[in-house]
Structures are given as structure tokens and as C-alpha cells.
Amino acid sequence: MKIASGSKLLPAFAAAAMLSGCSTVVVPPQPLTFSARLYPANDVATGYGIVAAVVTNDLNGRGRFSTVIGGESFNGEATRVAGSQRDGVANGAGSRGGYIDCRYTMNSPAMGTGTCRVSNGAAFTMHIGG
């Protein structure tokens with residue numbers, strides 16, 4: 001198709017040609033996964049030794065929390081305390097009927113500390129990240 005140089009369609013075709021290679025790509029933020037270590041803080045927990053856990057932050061104030069203590073798998077949520085940018089709570093239900101309750105404070109975007117208590121009385125100090 002030939003377009004005359006005086007044609008009123010020429011600017012429209014030029015604009016379409018310039019925009020045809022442009023597109024917008026929305027890239028959602030990817031969740032961040034942190035390792036956590038739980039250190040025994042009482043006699044009940046001493047038998048378990050140091051326990052590994054994983055916290056996955058969805059970057060919207062929520063995340064997932066999981067660990068295995070004494071052969072029982074605990075899975076649950078981690079959420080920030082209302083009105084706080086640093087304090088959070090992580091809870092998990094165990095595969096054998098137990099539960100774990102943790103409180104933590106993030107000291108930086110990737111590191112934090114806290115405490116965890118298991119339904120059998122085991123208590124741990126928790127270090128997130130690093």
C-alpha cells in the first residue's frame with residue numbers, strides 16, 4: 001500500500017509503527033525465602049538440638065513457616081503484627097497434632113530474632129537469615 005506524502009493518514013501510520021515494538025510487562029515481586037535456626041532454650045528442647053526452619057515472605061506482610069522437630073512436621077503462616085513493620089508471629093500445625101508458636105522481630109529486611117514454643121513445652125530462640 002502506497003500512502004501519498006500529503007495524506008492525513010501518514011502520522012497515524014508512523015505512530016503505529018513506533019508503538020508496535022513497545023509493550024508493558026508487569027513483573028510481580030518474587031517471594032523471599034529465609035532460613036531460620038532454632039536453638040534450644042530449655043531442657044525439653046535440648047533433646048532436639050539445633051533445628052532448621054524456613055520462612056517464605058510473600059512481600060505483602062504474610063508468608064509461610066515450616067520446620068521439623070522430633071520427626072513432626074510443622075507448617076503454617078508468618079504474619080506481621082498490625083501496625084508494625086518489624087514484629088511478627090509465626091504459627092504452625094504439626095503432622096502429629098502438635099503446634100508451634102513463634103514471635104520475632106526483623107532487625108533488617110533479611111535478618112531477625114525471636115522465640116518459639118512447641119505444644120510439648122520445648123522452647124527455642126530463633127535466628128532468621130544470615
Side-chain angles (χ1 to χ4, degrees):
M1 169 189 258
K2 188 170 183 177
I3 300 174
S5 62
S7 171
K8 293 181 181 178
L9 294 177
L10 187 58
F13 280 110
M18 287 189 300
L19 292 176
S20 67
C22 297
S23 63
T24 301
V25 178
V26 177
V27 179
Q30 295 296 311
L32 300 175
T33 300
F34 302 103
S35 62
R37 293 161 316 285
L38 286 75
Y39 293 92
N42 67 5
D43 290 340
V44 179
T46 300
Y48 301 120
I50 299 169
V51 175
V54 175
V55 180
T56 302
N57 181 346
D58 71 2
L59 304 178
N60 289 313
R62 301 179 69 164
R64 294 183 309 279
F65 173 79
S66 63
T67 187
V68 176
I69 300 173
E72 184 170 11
S73 297
F74 295 88
N75 292 291
E77 280 188 84
T79 56
R80 293 290 169 94
V81 172
S84 175
Q85 294 296 314
R86 297 179 36 185
D87 298 325
V89 175
N91 298 305
S95 58
R96 297 181 189 159
Y99 59 87
I100 188 169
D101 176 36
C102 302
R103 306 275 187 239
Y104 63 90
T105 299
M106 296 303 290
N107 303 319
S108 74
M111 296 180 74
T113 59
T115 60
C116 295
R117 183 167 293 276
V118 182
S119 54
N120 69 358
F124 296 88
T125 54
M126 178 171 58
H127 295 265
I128 302 169

From CA spacing to verdict: side chain to side chain contact (heavy atoms under 4.5 Å, CB included), I100, F124 = CA-CA 10 Å; I100 188 169; F124 296 88; 5.6 Å; no
Of the non-hydrogen atoms in [X] and [Y], which two are nearest, and what is the gap between them?
X    : Y    : value
R117 : A123 : NH2-CB, 3.9 Å
N91  : V89  : ND2-CG1, 3.4 Å
D58  : P31  : CA-CB, 4.2 Å
Y104 : M126 : CB-CE, 3.8 Å
L59  : P29  : CD1-CB, 3.5 Å
G49  : P40  : O-CG, 3.3 Å

For S95 and S73, indicate whether the former's side chain and the latter's backbone hold a donor-acceptor pair under 3.5 Å.
->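 Between the backbone of S73 and the side chain of S95 there is a qualifying donor-acceptor contact (under 3.5 Å).
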Are any side-chain N or O atoms of R86 and backbone N or O atoms of P109, one a donor and one an acceptor, separated by less than 3.5 Å?
-> no
Non-hydrogen side-chain atoms of [X] and [Y] separated by less than 4.5 Å:
X    : Y    : answer
F74  : R96  : no
N107 : T105 : yes
T113 : T125 : no
R80  : N57  : yes

Treat each ILVMFWY residue as a node, draw an edge where side-chain heavy atoms are under 4.5 Å apart, and state whether L32 and V55 are in one component.
-> yes
For R64, look at atom CZ and say whether over 12 heavy atoms of other residues, nucleotides or ligands are found less than 6.0 Å away.
-> no
Between OG1 of T79 and CG of D87, what distance do you get to the nearest 0.5 Å?
->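 It comes to 11.0 Å.
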Looking at CG of N120 and OH of Y48, how far apart are the two atoms once the value is rounded to the nearest 0.5 Å?
->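 Reported value, rounded in 0.5 Å steps: 4.0 Å.
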